[in-house]
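Residue numbers count from 1 along this sequence. Counting starts at 1 for both ligands and their atoms, in listed order.
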Amino acid sequence: MSGTEPKAGRLRIGVLGCADIAERRMLPSMLRQPLVEVTAVASRRIERARQFTERFGGSAVAGYERLLERDDVDAVYVPLPPELHVEWTLRALAAGKHVLCEKPFATRLADAEKAVSFARESGLLLMENFMFLHHSQHAEVRRLVAEGLIGEVQLFGSEFGIPLRPDAGPQGLPRRASTLPEVAAYPIRAARLFLGDGLRVAGAQVRPDSPYGPQPSGSALLVAPSGVAAQLAYGVEHGYRSGYGLWGSEGRLRLERAFSTPDELTPLLRVERGGTVTEIPLEADRHFTNIAGVFARAVLCGEDFTPHTEAILAHARLVDEVERAAASF
Ligand SMILES: NC(=O)c1ccc[n+]([C@@H]2O[C@H](COP(=O)([O-])OP(=O)(O)OC[C@H]3O[C@@H](n4cnc5c(N)ncnc54)[C@H](OP(=O)(O)O)[C@@H]3O)[C@@H](O)[C@H]2O)c1
């Protein structure tokens, strides 16, 4: 097939599908990441792929399968709808490509397990694109909490909600099968970031339906082995909300726009302690560019891929447990 030689120290990435998230955030961010180069973009419609390659570089390809045949692609970025993630990940791995897949990697735990096993057997990197984890603001919040900013943590809370899409109508907002794996993904992942592994699900509910479609919202209560709880809420017919808070023995803190933080935003950490409210400015950061770098570095430097697949499984197990708790409510 066609072939550009890899530029020194760069991972050559092919993109499967001209998704909104790829166009708005991920591909502009890859352009800024010196460790990656977009060498091909595939779409079901070649004109759409050409629109992307005019902006982001690489060759336009008609159809995802043909992109996987190319020898100028070392790895693929998969921003397809969630229900197609596992299918195209398996195909990409079978073609010998590393995979950076959008969240939620899988909508069923068994699918995540299957893909992780295959990636491990193939010696290829499989990573879920939880870009928010790679914004420095969260490490800074964790550092401040560990230093005792709010005393001992007693409760974590997080919400992610987005308004109805403008094209939503009574017949169907949800172009997604379920809001739970897709939209609840952020608060659930954030709970693990702050409370660690070993979270158990104490309860969960979903709103069964709305005029716009099934399961537009839900909430969950998780509990860490220490007994500290995480109260989580999510939805797709809500005023926009994307944040978390921690309530400690000596105060509390809150970070807004925590999951979809714009690159140029200086995050403000609101801290309330002893009746005084302060706002601590944190560094702006480029989490989409950072995660592309983490992915590329892991491959280019031959790092251990296991933590990335462990993270996929841990997240999928927790989502699965939340789904089962909500179904039995
Ligand atoms: N990490 C983040 O910050 C973030 C943010 C938003 C969304 N996401 C995730 O990214 C993924 C994509 O979300 P999105 O909102 O960007 O999706 P989207 O705009 O709907 O794009 C999905 C793309 O998949 C391709 N596709 C193939 N088969 C399709 C089908 N049957 N129906 C619809 N599209 C199909 C289409 O590309 P072609 O027509 O070009 O083939 C389409 O453009 C989701 O998993 C979502 O949760 C992540």
Side-chain angles (χ1 to χ4, degrees), residues 14-30 38 40-56 58-68 76-89 91-92 99-108 111-112 127-135 138 160-168 172-190 234-236 240 242 257-263 265 285-292 294-295 311-312 315-316 319:
V15 181
L16 297 187
C18 296
D20 175 65
I21 187 63
E23 183 170 31
R24 281 190 302 109
R25 300 299 305 268
M26 201 59 201
L27 295 193
S29 301
M30 282 185 181
V38 174
V41 178
S43 173
R44 295 168 299 174
R45 291 167 299 137
I46 189 69
E47 320 81 58
R48 185 74 180 129
R50 286 201 186 102
Q51 288 170 359
F52 268 51
T53 54
E54 279 164 20
R55 282 185 64 194
F56 305 116
S59 307
V61 181
Y64 309 147
E65 197 61 59
R66 286 186 57 200
L67 184 142
L68 297 181
V76 294
Y77 165 54
V78 181
L80 296 171
E83 52 277 18
L84 297 179
H85 287 174
V86 171
E87 175 191 343
W88 282 100
T89 291
R91 290 196 194 198
V99 176
L100 175 62
C101 182
E102 269 305 338
K103 45 62 55 178
F105 172 65
T107 52
R108 293 186 317 169
D111 291 341
M127 186 171 157
E128 189 170 21
N129 201 36
F130 265 120
M131 77 303 165
F132 84 87
L133 297 172
H134 301 274
H135 194 299
H138 310 297
F160 184 75
I162 52 176
L164 282 173
R165 285 160 50 97
D167 56 350
L173 154 76
R175 85 200 137 132
R176 307 287 182 227
S178 164
T179 52
L180 204 163
E182 186 163 12
V183 182
Y186 294 107
I188 290 175
R189 189 64 190 85
Y234 59 90
V236 292
Y240 179 72
S242 164
R257 300 186 82 179
F259 304 127
S260 31
T261 322
D263 284 355
L265 183 84
D285 200 8
R286 298 178 182 277
H287 46 155
F288 284 91
T289 305
N290 293 344
I291 196 170
V294 168
F295 178 71
I312 288 175
H315 182 75
V319 171

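Closest heavy-atom approach to atom 4 (C) of ligand 1 among the candidates Tyr186, Tyr64, Trp88, Phe259: Tyr186. Among Met131, Glu182, Arg48, Glu47, the residue whose heavy atom sits closest to atom 47 (O) of ligand 1 is Glu182. Of the candidates Arg24, Arg44, Glu128, the one placing a heavy atom closest to atom 29 (C) of ligand 1 is Arg44. Nearest-residue assignment for atom 10 (O) of ligand 1 (options Gln51, Met26, Glu23, Glu102; heavy-atom criterion): Glu102. Evaluated by nearest non-hydrogen atom to atom 43 (O) of ligand 1, the leading choice among Ala49, Ala42, Cys18 is Cys18.
Atoms of ligand 1 lying under 4.0 Å from any heavy atom of His85, numbered from 1 in the order shown and given with element: 45 (O). Residue contact check: Ser43 has heavy atoms under 4.0 Å from atoms 38 (P), 39 (O), 40 (O), 41 (O) of ligand 1. Every atom of ligand 1 is numbered from 1 in the order shown, and the set under 4.0 Å from a heavy atom of Pro79 is 11 (C), 12 (C), 22 (C). With ligand atoms numbered from 1 in the order given, ligand 1 contributes 37 (O), 40 (O) to contacts under 4.0 Å with heavy atoms of Gly17. Within the listing of ligand 1, atoms 1 (N) sit less than 4.0 angstrom from a heavy atom of Asn129.
The proximity of Phe288 to ligand 1, defined as any non-hydrogen pair under 4.0 Å, is limited to the side chain.
Ion pairing between a basic and an acidic side chain is recognised when a charged N comes within 4.0 Å of a carboxylate O; Asp20 and Arg25 show no such pairing. Between Arg91 and Glu87 there is a salt bridge, with a side-chain nitrogen of the basic residue lying less than 4.0 Å from a carboxylate oxygen of the acidic one. Salt-bridge formation is not detected for the pair Arg189/Glu128: no Lys NZ or Arg NE/NH1/NH2 atom is positioned less than 4.0 Å from an Asp or Glu carboxylate oxygen.
Using bins of under 30°, 30° to 60° and over 60° for the plane-to-plane angle, the ring pair Phe132/Phe259 lands in the perpendicular bin. Taking the six-membered ring where the residue is Trp, Phe105 and His85 present parallel rings, their angle staying beneath 30° rather than reaching 60°.
For ligand 1, the polar-atom distance check finds no N/O of Leu84 at less than 3.5 Å from any of the ligand's N/O atoms.
In terms of modelled atom types and a separation under 3.5 Å, the side chain of His134 and the main chain of Val294 share no donor-acceptor contact. Lys103 contributes no side-chain N or O that, together with a main-chain N or O of Ala185, makes up a donor-acceptor pair within less than 3.5 Å.
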Please lay out, stage by stage, how Gln51 and Arg45 fare under the test side chain to side chain contact (heavy atoms under 4.5 Å, CB included).
CA-CA 10 Å; Gln51 288 170 359; Arg45 291 167 299 137; over 6 Å; no
